[in-house]
Number of protein chains: 2
Amino acid sequence: MTASRVLRDDPQVLPATRERVRAAAAALGYRPNEVARSLRLGRGSGLVGLVVTNLANPFYSRLALGVDSVVVKDGLKTVIGNTGQDPHAERELVADLVARRVDGIIAVPAGADQRHLAAAAAEGVPVVLASRPPEGFAADCVLVDDFGGAHDATARLVRRGHRRIGFLGSPPAVHTGTERLRGYAAALSAAGLAVDDRLVRQGQTEPHEATRAAADLLALREPPTALFCSNNRNTIGAFRAIRALRSSGGPEVALAGFDDFELADALGLPLTLVAYDSDELGRAAARLLATRLNATGPGTATRGRPVPPPRQVVVPTSLVEYEGGR
Amino acid sequence: MTASRVLRDDPQVLPATRERVRAAAAALGYRPNEVARSLRLGRGSGLVGLVVTNLANPFYSRLALGVDSVVVKDGLKTVIGNTGQDPHAERELVADLVARRVDGIIAVPAGADQRHLAAAAAEGVPVVLASRPPEGFAADCVLVDDFGGAHDATARLVRRGHRRIGFLGSPPAVHTGTERLRGYAAALSAAGLAVDDRLVRQGQTEPHEATRAAADLLALREPPTALFCSNNRNTIGAFRAIRALRSSGGPEVALAGFDDFELADALGLPLTLVAYDSDELGRAAARLLATRLNATGPGTATRGRPVPPPRQVVVPTSLVEYEGGR
DNA sequence: CTGTTAGCGCTTTCAT
DNA sequence: ATGAAAGCGCTAACAG
C-alpha cells in the first residue's frame with residue numbers, strides 16, 4: 001500500500017520510507033502494472049485509438065505524427081489501426097478499440113457509413129473525426145478547407161486561360177473528394193464554364209489507377225488542357241500520364257492538385273498544389289480530444305456534467321506553385 | 001458466468017441459453033472489457049508495441065504497415081510509438097510499453113544503446129529488432145542486406161568509371177549507416193581505390209542537411225563525380241544539390257542511394273537505388289515475434305520451457321536503375 | 001450444463 | 001503516516 005502511494009507521488013509518506021520504497025523498486029526493476037491500474041481506476045486504458053485507411057500515404061502518416069505529438073504530452077499513447085479501405089475491418093477495429101477502453105478515438109472514416117463511430121460515441125468513448133464531418137451523430141471534427149482549396153486551385157487554372165479542365169478524384173463516398181469536386185465545379189461556374197461530366201473521373205485510390213484515368217481523359221477527342229486532382233495519389237498518377245504524353249510529343253497539360261508532397265518541386269513540370277499543414281490536422285484533432293477528455297472525464301459516460309457542444313476546426317489551405325524548371 | 005462462456009465461444013453451453021445470452025448482449029450492446037480480460041488472463045494486453053524514430057519517413061510507415069498486417073491476423077493490435085530520434089523518449093516509451101504489458105515489442109532503436117530493450121527482454125517481453133542487430137543481449141532481428149546493397153551500388157558506380165565517389169549517410173551511431181559505409185568502402189577497396197575521408201559525410205538525418213553536405217562535397221577543389229547515399233533522406237537531399245549544380249552549368253554528378261522511394265523515376269536524373277521490400281521487413285519482424293509468442297506463451301517470463309534460440313532474417317536487396325530521361 | 005468461489009494488481013476508503 | 005478491507009470486470013477451478 002505504501003509502495004503504491006510512493007509510486008503515485010502521494011505526499012502522505014514519510015520521506016525516509018519513500019526513499020526505501022524507491023530504492024527497492026529500482027533494485028527490483030519494478031514498474032506498476034498499467035493494465036491493473038486502468039481496471040481499478042475505471043478510466044480508459046490511457047490509449048488513444050487512431051483509425052486510418054492507409055499509413056503508407058504520407059497524408060496519414062503526417063496526421064498520425066501530429067496526433068501522437070499531442071497525445072504523448074498528455075501521458076497517453078496512440079494505437080494506430082490501419083483499415084486498408086475495408087469498411088468491415090474498420091467496424092471491427094472501432095469495436096475492438098472500445099472494448100480495450102481507449103480514452104478516445106480519432107478517425108478518418110473510409111466510407112460514408114459512420115454508425116460504428118456513432119456507437120462508440122454512444123458508449124461514452126469520445127470520437128473526433130479528421131478530414132470528414134460526422135454523419136448522423138455529434139462529434140468534434142477537424143476539416144481541411146476542401147471546398148476553398150479546390151476552388152482556388154481551379155480558379156487559378158481558369159485564370160491562366162484553361163477552359164477544359166479535367167477532374168480526377170477519390171471514390172464519391174469519400175467526403176473530401178466530393179467537397180473538392182464541389183469546389184472545382186464552383187470555380188468553373190463562377191467563370192461561366194459548365195462542368196463536363198466526361199472530364200470528371202472519380203474512383204481512383206492509387207496512383208496507377210489515376211494514371212490510367214488521366215490517360216483516358218487526355219485521349220479524348222477534345223481533351224482537357226488542364227487537370228485538377230483531388231488528392232496526392234491522383235496528382236502523382238496524373239503527373240505520369242502527362243509526362244508520358246509530353247515525351248511522346250503531345251501537348252503540354254497543366255496540372256493542379258490537392259495536397260502538397262515531397263519532391264513536388266522536382267518533377268520538371270509546373271505544378272499548382274493546395275497545401276495545408278497535415279501535422280496540424282492531427283494536432284488539432286488530438287487537442288479537441290484532450291479538451292473533451294478534460295471536460296467529461298475519461299472513460300465514463302457523461303455523468304450529469306454538461307457536455308460541451310461539438311466543435312469544428314477548419315485548417316486553412318494555401319496555393320503553392322512549383323515552377324518545374326530544370 | 002454463463003455469459004462469459006458464451007462470449008468466449010466455450011462449447012459447454014446449451015444452444016438455447018447461448019442464443020438468449022447472445023440476444024441480450026446484442027440488445028445491450030455489450031462487449032467484454034478487454035482490460036479486465038487481460039488482467040485476469042495474466043497474458044499481455046493483446047498489443048504489440050512498435051518503436052520507430054520517424055513515422056513520416058516512408059521507410060518507417062511501410063515497416064509499420066507490414067508489422068500491422070501480420071499482427072492483426074493474430075488478433076493483436078499495434079501500438080506505434082514515435083521517438084523522434086530522442087534516446088530519452090525511446091527509453092521512456094519502451095518502459096511504458098512494458099508497464100502496459102504489451103505482448104511484444106518491435107523496435108528500430110535510434111542509437112547504439114539498447115539497454116532499455118535488453119531490460120524489456122529480461123522482464124519477459126519478447127523483443128524483435130528491425131533493421132539493427134541486438135547489442136549486448138539476445139533477440140530476434142530482421143536486417144536488410146546493408147553491406148551487400150551498398151557494396152553493389154558502389155561497385156556499379158565504379159564500373160561506370162567513377163573514381164571519386166562521395167558518401168552521405170546517417171549519424172555513425174546508426175547501424176545501417178555504418179554497415180552501408182562498410183559496403184561502400186569494400187567496393188572501393190575491391191577496385192583498388194582508397195576511401196577518401198574528405199568525401200565521407202555522416203550525420204545527416206533530414207534532406208536539407210544532406211543537400212548542404214552534398215553541396216559541400218561538390219564544392220571541393222577535387223569534387224566527387226558520383227555520390228552514394230546511405231538512405232532515402234540523404235539521396236533526396238543530394239539530388240537537390242546535384243540538380244542545383246547542373247542548372248547552374250556545373251558538371252553532371254552520378255547519384256546512387258540506399259532505399260527506393262516514390263517518384264524516384266521522375267527526377268529527371270539517372271539514379272541507381274538499392275531497393276528492398278520494406279513491408280516485408282515489417283512482416284518478417286512480426287512473424288518472428290509471433291513465433292516467439294507461440295513458443296514461450298505471451299506475457300509470462302519463460303517458464304521452464306526451452307527458449308528457442310534467437311533468429312535472424314536478412315531481407316535481400318536489388319539494384320534499380322532509373323533512367324531519368326524526360 | 002450452470003453457478004459459486006477466488007483472485008489477477010492495483011487504488012479508494014476507512015481504520016489505526 | 002501506514003495498513004486492512006473491498007472491489008474494478010473478468011475467468012480458471014471446482015462444485016452441483
Side-chain angles (χ1 to χ4, degrees), chain A residues 1-47 75-77 95-103 120 123-125 296-301 303, chain B residues 1-47 75-77 95-103 120 123-125 296-301 303:
Chain A
M1 190 59 249
T2 304
S4 171
R5 278 197 261 265
V6 171
L7 291 149
R8 247 170 324 120
D9 291 316
D10 189 319
Q12 303 286 69
V13 178
L14 220 53
T17 326
R18 178 176 318 166
E19 276 325 307
R20 283 198 303 136
V21 172
R22 287 242 168 85
L28 276 63
Y30 174 84
R31 301 264 310 189
N33 183 331
E34 287 296 329
V35 177
R37 288 197 87 223
S38 35
L39 178 61
R40 174 66 240 236
L41 296 178
R43 301 181 312 190
S45 51
L47 297 171
L76 307 174
K77 294 249 138 22
D96 188 89
L97 290 172
V98 172
R100 289 198 143 86
R101 298 300 189 268
V102 292
D103 285 331
E123 287 196 51
V125 178
T296 64
T300 22
R303 33 179 165 175
Chain B
M1 192 58 246
T2 304
S4 172
R5 278 197 261 264
V6 171
L7 291 151
R8 252 174 317 124
D9 290 318
D10 188 319
Q12 303 285 66
V13 178
L14 218 54
T17 324
R18 178 176 318 166
E19 276 324 306
R20 282 198 303 139
V21 172
R22 288 243 168 85
L28 275 64
Y30 173 84
R31 301 265 310 190
N33 183 332
E34 287 295 331
V35 177
R37 287 197 89 224
S38 35
L39 178 60
R40 175 65 240 239
L41 295 179
R43 301 181 311 192
S45 51
L47 297 172
L76 307 174
K77 294 249 137 22
D96 189 88
L97 290 172
V98 172
R100 288 200 144 85
R101 297 300 189 270
V102 292
D103 285 328
E123 287 197 50
V125 179
T296 64
T300 23
R303 35 177 164 174

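Chain letters run A, B, ... following the sequence lines, proteins first and then strands; every chain starts at 1.
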Within this structure, what is the CD-to-C1' distance between Q12(A) and dG3(D), rounded to whole angstrom?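 Interatomic distance, CD of Q12(A) to C1' of dG3(D): 14 Å.
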To the nearest angstrom, how far is D9(B) atom CG from dC1(C) atom P?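 To the nearest whole Å, that distance equals 15 Å.
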With a 4.0 Å cut-off, would you call D9(A) and R22(A) a salt bridge? yes
Whether T17(A) contacts dA1(D) is assessed here as follows: a side-chain N or O lying under 4.0 Å from the phosphate OP1 or OP2. Is that the case?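 For dA1(D), OP1/OP2 do not have a side-chain N/O of T17(A) under 4.0 Å.
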Side-chain touch V35(A)/V35(B), heavy atoms, less than 4.5 angstrom: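 Yes - at least one pair of side-chain heavy atoms lies under 4.5 Å apart.
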Main-chain N/O of V13(B) paired to R18(B) side chain as donor or acceptor, under 3.5 Å: yes
Output yes when a side-chain donor or acceptor of R8(B) lies under 3.5 Å from a complementary backbone atom of A3(B), and no otherwise.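 Here the side-chain-to-backbone pair does not exist.
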Counting primed atoms, P, OP1 and OP2 as sugar-phosphate and everything else as base, the B/S/- map of nucleotides 7-16 of chain D against protein heavy atoms under 4.0 Å is BBBBBB----
Do other residues, nucleotides or ligands put more than 12 heavy atoms under 6.0 Å from the CZ atom of R20(A)? no
